[in-house]
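Worth saying up front: this structure is predicted, and the values here are computed from it rather than measured. Letters A, B, ... mirror the listed sequences (proteins, then strands); counts begin at 1.
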Amino acid sequence: MSGIRATHELHARRLSRNLGVAFALALLVAVVFALTVVKVKRGDPLQGFDHVVRPEMEASGS
Amino acid sequence: MPDLAISAAHEHEPNFGDYVALLKPRVMSLVVFTALVGLLVAPAALHAVEAIAAMLFIALGAGAAGALNMWYDADIDSVMRRTMKRPVPSGRVAQDEALAIGVGLSGLSVVMLGLATNMLAAFLLAVTISFYVVVYTMWLKRRTPQNIVIGGAAGAFPPMIGWAAATGSISLEACLMFALIFMWTPPHFWALALFMRSDYEDAGVPMLTVTHGRPAARRHIMAYTLLLVPVSLWLALGPIGGPVSLAAAVVLNLMFVRGAVQICRRDEAVAQGDGYAAEKAFFRASLFYLFLHFGAFLADAVLRQVS
């Protein structure tokens with residue numbers, strides 16, 4: 001009787017595919033988050049709580 | 001026999017590596033490198049995160065174009081020795097799956113590049129993907145021996161995309177980088193066609209070697225190699241050039257022209273006798289030519305920063 005394998009080779013391929021897709025999605029989320037942080041930090045001189053432009057912030061450069 | 005039943009139904013299920021192979025990673029690496037140089041030599045700076053994101057989405061766009069090319073060319077890829085082991089002709093990835101992945105990644109890469117940088121870069125990426133898939137793959141490749149001349153424009157866009165991502169505009173330097181790759185593409189691929197011998201003929205692809213004969217292809221390689229020289233010198237003497245670029249341009253062009261002269265002087269009997277050694281050497285040299293040219297532009301950009 002040939003050796004009994006715990007899992008079929010098909011499952012190894014599926015695991016590889018699922019892990020790869022999970023990694024790619026996680027990378028996309030991380031990139032989008034990092035981009036958001038950079039762009040918001042560099043954004044217009046407005047305060048976050050009401051998204052209103054404040055000229056005094058523009059003058060002070062903050 | 002449950003094990004056999006599983007095997008029969010799912011023996012062609014791909015793993016993640018098959019999906020990566022679908023995106024033509026070797027082509028992607030050249031695209032990313034030239035786009036990165038275009039971005040870094042541009043007279044504007046992106047935040048590091050934006051630059052990394054831009055490179056990622058440009059790579060994804062290039063991969064999407066590769067997947068769509070594999071979807072459409074599955075029939076001729078299965079005939080050619082060079083391409084028969086690709087994921088679609090070998091049955092590891094279904095043709096419909098390649099189409100879905102290509103379309104999905106195209107949309108994602110263009111939209112995300114636009115959000116990460118600007119609409120001009122996104123537009124140029126969309127043009128690149130469309131040009132490669134529709135103009136080259138679906139239209140020109142099977143119809144004209146000038147397929148690689150016109151279709152080569154797709155591979156020439158990346159440095160322009162990198163430049164546009166950084167500056168939001170196009171300039172003469174970006175167009176010259178485009179021109180360098182555009183003029184480089186025909187001799188690169190015609191040298192490949194010379195030593196791939198009957199591959200393109202078997203697939204019915206009208207490469208110059210098939211439609212006009214190998215002696216004509218050799219003369220065309222010489223002509224395009226000579227046309228490359230003024231383009232590379234113009235770049236080396238321009239704003240993105242410098243001492244390193246000029247030295248590289250002189251040495252690489254001498255080497256490349258010498259290789260083209262060798263190819264032009266040979267005939268098929270001599271070439272077959274030595275297993276197409278000169279043609280293979282020229283093809284390898286063409287990879288170094290482009291890589292070192294763009295590396296030299298980068299080196300001069302660093303020197304300008306330092307000084």
Engineer: Can you list every pair that meets ring-ring contact (aromatic ring centres under 6.0 Å, His included) and has a residue in residues 25-60 of chain B, with sequence neighbours left out?
Structural biologist: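 Matches after skipping sequence neighbours: B:Phe33-B:Phe291.
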Engineer: Does any N or O in the side chain of A:Ser16 come within less than 3.5 Å of the main-chain N or O of B:Asn15, such that one atom is a donor and the other an acceptor?
Structural biologist: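 No: the side chain of A:Ser16 does not pair with the backbone of B:Asn15.
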Engineer: Side chain, backbone, both or neither: which part of B:Ile52 has a heavy atom under 4.5 Å from chain A?
Structural biologist: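 Neither part; nothing is under 4.5 Å.
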Engineer: Can you confirm whether A:Arg13 sits close enough to B:Pro14 that some side-chain heavy atom of one is under 4.5 Å from a side-chain heavy atom of the other?
Structural biologist: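 Side chain of A:Arg13 against side chain of B:Pro14, heavy atoms only: no contact under 4.5 Å found.
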Engineer: Do any N or O atoms from the side chain of A:Lys39 and from the backbone of B:Ala116 form a donor-acceptor pair under 3.5 angstrom?
Structural biologist: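 Yes, the answer is positive, given that a donor and an acceptor are paired below the 3.5 Å cut-off.
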Engineer: Which residues in residues 21-29 of chain A have a heavy atom less than 4.5 Å from any heavy atom of chain B?
Structural biologist: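 Expected list: A:Val21, A:Leu27, A:Leu28.
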Engineer: Using non-hydrogen atoms and a 4.5 Å limit, figure out which bit of A:Val32 sits close to chain B: side chain, backbone, both or neither.
Structural biologist: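 The side chain, not the backbone.
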Engineer: Does the side chain of A:Leu35 come within less than 4.5 Å of B:Val49's, by heavy atoms?
Structural biologist: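 B:Val49 vs A:Leu35: side chains touch.
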